[in-house]
Amino acid sequence: MGYWLMKSEPETFSIDDLKKKKVEFWDGVRNYQARNMMRDDMKVGDLAFFYHSNCDVPGIYGIAKIVKAGYPDKSALNPESKYFDPKASNDNPRWFGVDVAFVEKFAQPISLSQMRAELKLQGFRLLDKGSRLSILPVSDNEWQTILKLKS
DNA sequence: GCCAACGTTGGC
DNA sequence: GCCAACGTTGGC
């Protein structure tokens, strides 16, 4: 099974929103590395940490599950959407997303600073200086190590 | 193909 | 709100 980390700003889409909706299309990713992972590498059944950025306590707020593998992100075709991309078309959708389902919301988030303090997480890409990638692969070891930080 | 300019991300 | 890091764009 694959493990991932998916970033979202709580203002845009939060773990509570996902809990309410149960399943949601993860749209709006406009970065090629992140797109490639969603299009090519994410499999149904994979689990993902739900990370919130740009908020009081940046960190992991819960877990989601991939329930549908990558397919075109139609928001790129919609001029009304804030994710509209004039270079996308039906023939060449350019951007992709996956469906994720709510699994769990942690009682307390696992904060970025907690993860930075964990020596075993040295090398985890999230912690790289200037890391901005919104979809990240998480190794087995990293996944287990991070879960142990839950309070 | 280089690289400066620009826009965005995201922690602080 | 600041600013460093990064990705993308576009002129040449």
Side-chain angles (χ1 to χ4, degrees), chain A residues 2-21 24-42 46-66 69-100 102-139 141-143 145-151:
Chain A
Y3 294 116
W4 304 93
L5 181 143
M6 302 174 84
K7 283 188 203 172
S8 174
E9 301 185 14
E11 301 271 305
T12 307
F13 185 70
S14 72
I15 185 88
D16 291 321
D17 294 330
L18 182 61
K19 186 174 184 179
K20 227 174 294 170
K21 303 198 72 169
E24 178 79 344
F25 179 58
W26 198 272
D27 64 3
V29 170
R30 297 292 179 266
N31 168 283
Y32 287 108
Q33 279 187 70
R35 178 206 68 182
N36 292 347
M37 287 188 270
M38 290 205 292
R39 189 188 58 188
D40 306 331
D41 301 328
M42 279 188 174
D46 286 358
L47 295 176
F49 285 134
F50 197 126
Y51 182 92
H52 278 167
S53 60
N54 265 315
C55 54
D56 284 351
V57 181
I60 296 165
Y61 281 68
I63 295 175
K65 188 201 289 191
I66 313 305
Y71 61 103
D73 181 348
K74 296 280 188 192
S75 68
L77 303 175
N78 175 9
E80 305 289 305
S81 169
K82 63 176 166 174
Y83 300 130
F84 178 63
D85 178 353
K87 290 181 184 158
S89 66
N90 271 311
D91 284 348
N92 178 18
R94 197 146 125 121
W95 303 113
F96 286 72
V98 297
D99 282 351
V100 298
F102 177 80
V103 173
E104 178 185 358
K105 180 187 176 182
F106 298 154
Q108 299 292 331
I110 300 166
S111 70
L112 181 61
S113 60
Q114 265 179 287
M115 291 188 271
R116 284 202 193 286
E118 171 55 62
L119 291 178
K120 286 187 196 159
L121 289 178
Q122 281 181 6
F124 183 36
R125 289 183 66 184
L126 178 72
L127 309 180
D128 286 354
K129 197 176 175 190
S131 157
R132 305 189 328 183
L133 203 52
S134 62
I135 307 278
L136 289 172
V138 177
S139 73
N141 278 339
E142 287 161 352
W143 183 270
T145 302
I146 291 167
L147 277 183
K148 282 188 195 136
L149 296 177
K150 257 210 299 182
S151 49

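First the proteins, then the strands, lettered A, B, ... as listed; each starts at 1.
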Electrostatic pair Asp73(A)-Arg35(A), nearest N-O below 4.0 angstrom: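 Salt bridge between Asp73(A) and Arg35(A), a charged N being under 4.0 Å from a carboxylate O: no.
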Sub-6.0 Å ring centroid separation between Trp95(A) and Tyr71(A):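 Distance test on ring centres: not under 6.0 Å, no.
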Tell me if the aromatic rings of Phe50(A) and Phe102(A) count as close, with their centers under 6.0 Å from one another.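 Ring centres of Phe102(A) and Phe50(A) not closer than 6.0 Å.
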Residues in side-chain hydrogen bond (donor to acceptor under 3.5 Å, both in side chains) contact with Trp4(A), at least two apart in sequence or another chain: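 Trp4(A) satisfies side-chain hydrogen bond (donor to acceptor under 3.5 Å, both in side chains) with Asp46(A) once adjacent residues are dropped.
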Distance check needed: [N] [atom2] versus [X] [atom1], whole Å only.
X	N	atom1	atom2	answer
Arg125(A)	dG10(B)	CZ	P	13 Å
Leu136(A)	dT9(B)	CG	P	15 Å
His52(A)	dG10(B)	NE2	P	12 Å
Glu11(A)	dG10(B)	CD	P	14 Å

With a 4.0 Å heavy-atom cut-off, tell me which residues in residues 80-96 of chain A come close to DNA chain B, sorted by residue number.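 Within this stretch, nothing sits under 4.0 Å of the strand.
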Please list, by residue number, the residues of residues 53-63 of chain A whose heavy atoms come closer than 4.0 Å to an atom of DNA chain B; answer none if no residue qualifies.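 Result for residues 53-63 of chain A: Ser53(A), Asn54(A), Pro58(A), sorted by number.
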Return each pair, listed once, that meets salt bridge (charged side-chain N to carboxylate O under 4.0 Å, His left out) where at least one residue sits in residues 88-98 of chain A; pairs must be two or more places apart or across chains.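 Every pair satisfying salt bridge (charged side-chain N to carboxylate O under 4.0 Å, His left out) with a residue in residues 88-98 of chain A: Asp85(A)-Arg94(A).
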Could you pull out all residues at least two apart from Tyr3(A) that satisfy ring-ring contact (aromatic ring centres under 6.0 Å, His included)?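 Counting only residues at least two positions away or on another chain, Tyr3(A) forms a ring-ring contact (aromatic ring centres under 6.0 Å, His included) with Trp143(A).
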Taking atom types as modelled, is there a side-chain donor on Asn92(A) or Ser89(A) under 3.5 Å from an acceptor on the other?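 Side-chain D/A pair, Asn92(A) to Ser89(A): absent.
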Between Ser75(A) and Arg30(A), does any side-chain donor sit less than 3.5 Å from a side-chain acceptor?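 Looking only at side-chain atoms, Arg30(A) and Ser75(A) do form a donor-acceptor pair, the distance falling under 3.5 Å.
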Strictly under 4.0 angstrom, non-hydrogen atoms only: write out the protein contact profile of nucleotides 3-8 of chain B, one letter per nucleotide from the 5' end, B, S or -. ----BB
Heavy-atom count around Gln108(A) CD within 6.0 Å, excluding the residue itself: above 12?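 Not more than 12 within 6.0 Å, no.
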Asp40(A) atom CG, neighbour heavy-atom count above 12 within 6.0 Å: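 Yes - once you tally the heavy atoms of other residues, nucleotides and ligands closer than 6.0 Å, there are more than 12.
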Over all strands shown, is Glu9(A) touching base, sugar-phosphate only, or nothing at heavy-atom distances under 4.0 angstrom?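 No contact.
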dT9(B) phosphate, OP1 or OP2, under 4.0 Å from Tyr51(A) side-chain N/O: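 So the side-chain polar atoms of Tyr51(A) never come under 4.0 Å of the phosphate oxygens OP1 or OP2 of dT9(B).
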Using modelled atom types only, decide if a donor and an acceptor are shared between the side chain of Gln114(A) and the backbone of Leu149(A) within a distance under 3.5 Å.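 Yes.
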